[in-house]
Amino acid sequence: MQRRKECVAMLLAGGQGSRLYALTTNIAKPAVAFGAKYRIIDFPLSNCVNSGIDTVGVLTQYQPLILNEYIGNGQPWDLDRTYGGVHILSPYQAKTNSSWYAGTANAIYQNLHFMKMYNPEYVLILSGDHIYKMDYSAMLKAHKATGADCTIAAIDVPLSEASRFGILNTNPDGSIYQFEEKPKQPKSTLASMGIYIFSAQKLFKYLEADDANPNSSKDFGKDVLPAMLNAGEKMYSYRFDGYWKDVGTIASLWEANMDLLGDNPEFDIADKSWKIHSRNPLAPPEHIGETGVVKNAMVALGCEINGVVENSILGSNVIVEKGAVVKDAVVLANSVIKAGATVSYSIIDENVTVGKNANIGVSKDATAEIVVLGRGVTVADGVTVDKGQMHEKDILA
Amino acid sequence: MASAIGIIFANLHEENVPELVRRRTMASIPYGGRYRIIDFVLSNMVNSGITTVGLMTSNNYRSLIDHIGSGKDWDLARKDGGLILLPPFSEKHDKLYTTRLEALNSVTGFLNRRKEKYVVLTDCDGVMRVDIADIIEQHESKNADITLVTHYGKVGNRKDFMLVNTDNDGRVNEIKLSPHVADGTKADIFINMMVINRQFLLNLVEESVTHGFISFESDILIKQLDSLKIYRYDYQGYYAGIDSMSAYYKHNMELLDKDVRDELFGARDIYTKVRDSAPSKYGEGAVVKNSLISDGCEIEGVVENSILFRGVKVAKGAVVKNSIVMQDNIIGQNTALDCVITDKNVVISDRKTLGGCATLPYYIPKGTRL
């Protein structure tokens, strides 16, 4: 008997994430650090393995170096398998039609041969932009139960935000009668999460048709899903009620980090029943010094804290010197906050040095905007960086 | 570096810390927040370019196997060599080995099959960061048969130890086994690590069987001191010898000193088993001073001058001082600990007060519920 996989996951990880500005200058959005020691892609990958899906194609395009290096052979997620496992799928040259991925549907289309290698019954399409814990196997079960050709995971969003999403208009049984991409006047608040399960043969058929259509923008939300609906295919929504956050903007990325804090955090990242796996830093336990004060914070290994850290998230090997204050901030791995400096309401990328007595950002209030310091930036001693500023280059005195 | 393999003795010296090894090996004693003693031993080998390591175990090695797995966390899951577990093995009617020499006799097959020129033998009773490549280099340049690694320090309360004297060239000319010394005496103490030529070791083992030798120290090193070229390597870095419960406590606490941390962890990575714990979390009421906190901890109370292993929960109002709290402990509300070592999975309910003193820390065994 031919070996096959029941379900293959395809993870769209090629996005630039241009609204994350300096944070994605050199890395793809799914590789952006989150929650002290994780990267965004840890969440869909961990969801896959925790849901029993062990074959994942990761489609990369924009600045893939750090992402590829991070995923490696997939071992941290138990995805180093002899049959299946994680595979990086980058655009490639062929005898005809060599091209970059032109859209989400085109990216999947260009990897039809990868999916067909496993002869799957179902294909799960994911994106690398969200923080959430979700059991895809429950969604697959629902997909089978309804006999759908396509099942779209959906979440209730506030009406005021509905026009930012693809909105599903559904019948009481969950079947979809209309699909509206970013509608100005949304008829419902049920938003597509960009997570689709297709019966594989249907997906292949519609991807081929979409590729042949010169008027298509090669996008799932704009082209493939409407085409399937118009042709009368069975499409169902799958309601998800848990925590789900798009971290595509500086503000939402900061908020999602803060959602990890508190006695009853919005998002429980320490949940032992649904472990989030990641490539772990090699570092000793963090040391909190005699003068260190750490309150309502999440701190990764290897940190040396002799200053004050409050309402903040610290990546591995961060140094906060004596007299420095880090408040309402996200500081990523290997950054140094020197003596007497203050960092408020900011996202500080990896390998940043904030000089002595420098002032980064202002305390969080209604009008404050988040400061972003890009990877490797050095801020000279005593410099003030005002709210909302974004820097990719060193800031001199 | 010339090619070498490692052999680690997981169980030797367990009599010094009986509480800690009741259900585990010397090698798998938790140390420094998120490590076990063997992590330092293995990392020294890997960081020195040794990629074939035989791990000799004799009993209670379940926790060690659980920790080591395939060896991949130390980059030792290899097709050629890698980490090779050497549990007890004996021909019918033979009894299991009790000494280093008998143990070596049981792994001549492994020693024979390898092609590397040298063998690095080491026990798991010390924590240090040593460049083994440098030891081998000296071994080669002296054209030695055996190089013993020594550290100059206080003999202290050691019961079973070996002192080494050398001539000006570093050649060993006197070995004393556990001599009586005055309090506070400092000496060159053998720290249970040596380099030896593989073929030479095989010959020695064969010879020992013929002559009925039992002890590596008294039957080989001392008896053949003049005929063998035995040199010593003077290790001058930080050394934490785990030869008693109070030494275990004291050396763990030394990690609160930044200089010690920098030396032990600074230049090279210390590998350990990955557990995928979440980063540690500090609550509104957390007051943490001069302490090492590992991943997965949740702290709501006070922690001072202490070492917390992975996944420890310190509830509101709890005060943990001068203590070593091992993996997955739960310290209840308003409970106070001072100079306590709690082994893994200990749960201490609310409003308890427990204490020892620095020279005699109060030890709470694995899995205790109070």
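Each chain gets a letter, A, B and so on, in the order its sequence line appears, and its residues count up from 1.
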To the nearest 0.5 Å, how far apart are [atom1] in [X] and [atom2] in [Y]?
X	Y	atom1	atom2	value
B:Lys281	A:Asp268	NZ	CG	6.5 Å
B:Asp276	A:Lys37	CG	NZ	5.0 Å
B:Glu298	A:Asp263	CD	CG	9.5 Å
B:Ile293	A:Cys303	CD1	SG	12.0 Å
B:Arg275	A:Lys275	CZ	NZ	6.0 Å

Would you say the side-chain atoms of A:Lys295 pair up with the backbone N or O of B:Gly285, donor to acceptor, closer than 3.5 Å?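 Checking the backbone N and O of B:Gly285 against the side chain of A:Lys295, no donor-acceptor pair under 3.5 Å is found.
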Using a 3.5 Å distance criterion without hydrogens, assess whether the side chain of B:Ser291 forms a donor-acceptor pair with backbone atoms of A:Ile288.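 No; judged by distance alone, with no hydrogens or angles, the pair does not exist.
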Taking salt bridge (charged side-chain N to carboxylate O under 4.0 Å, His left out) as the definition, give me every residue that meets it alongside A:Asp129, ordered by chain and number, with sequence neighbours left out.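 With neighbours one apart ignored, the set is A:Lys29.
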What part of A:Ile305 gets closer than 4.5 Å to chain B, counting heavy atoms only: side chain, backbone, both or neither?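 No part of it gets close to chain B.
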Any side-chain heavy atom of B:Pro279 within less than 4.5 Å of one from A:Tyr38?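 A side-chain contact under 4.5 Å exists here.
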Is [X] close to chain A through its backbone or its side chain, or both, or neither, when contacts mean heavy atoms under 4.5 Å?
X	value
B:Glu300	side chain
B:Arg310	neither
B:Val274	side chain
B:Tyr35	side chain

Count the heavy-atom pairs under 4.5 Å between each of [options] and chain B, then report the option with the highest count.
options	result
A:Val299, A:Asn280, A:Ile276	A:Val299
A:Gly302, A:Ala297, A:Ala300, A:Ser278	A:Ala297
A:Met298, A:Glu286, A:Gln75, A:Glu310	A:Glu286

Using a heavy-atom cutoff of under 4.5 Å, enumerate the residues of residues 62-76 of chain B that contact chain A, numbered in order, or state 'none'.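 Result: B:Lys72.
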Could I get the full list of side-chain hydrogen bond (donor to acceptor under 3.5 Å, both in side chains) partners for B:His251, not counting sequence neighbours?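 Testing B:His251 for side-chain hydrogen bond (donor to acceptor under 3.5 Å, both in side chains), a comparison that skips the adjacent residues, returns B:Glu254.
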Most chain A-contacting option - heavy-atom pairs closer than 4.5 Å, from B:Gly296, B:Cys297, B:Ser277: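 Top count of heavy-atom pairs under 4.5 Å with chain A: B:Ser277.
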Apply the test side-chain contact (heavy atoms from CB on, under 4.5 Å) to residues A:Thr291 and B:Lys289: give CA-CA distance (whole Å), side-chain angles for both, the deciding distance (0.1 Å), then the verdict. CA-CA 7 Å; A:Thr291 53; B:Lys289 303 261 175 234; over 6 Å; no
Please find the pair of heavy atoms, one from B:Gly32 and one from A:Pro285, that lie closest to each other, and give the distance.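 Nearest pair, atom of B:Gly32 first, then A:Pro285: O-CG, 3.4 Å.
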For the student: nearest non-hydrogen atoms of A:Asn296 and B:Glu284, plus distance: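 Looking at all heavy atoms of both residues, the shortest contact is CB-OE2, 3.7 Å.
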Is the number of heavy atoms from other residues, nucleotides or ligands within 6.0 Å of OH (A:Tyr70) greater than 12?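 Yes.
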Using the test side chain to side chain contact (heavy atoms under 4.5 Å, CB included), find all partners of B:Leu256 that sit at least two apart in sequence or belong to another chain.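 Applying side chain to side chain contact (heavy atoms under 4.5 Å, CB included) to B:Leu256 gives A:His287, B:Met253, B:Asn290, B:Leu292, B:Asn305, B:Ile307.
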side-chain contact (heavy atoms from CB on, under 4.5 Å) between B:Asp295 and A:Leu301, intermediate numbers included: CA-CA 6 Å; B:Asp295 38 335; A:Leu301 293 170; 3.7 Å; yes
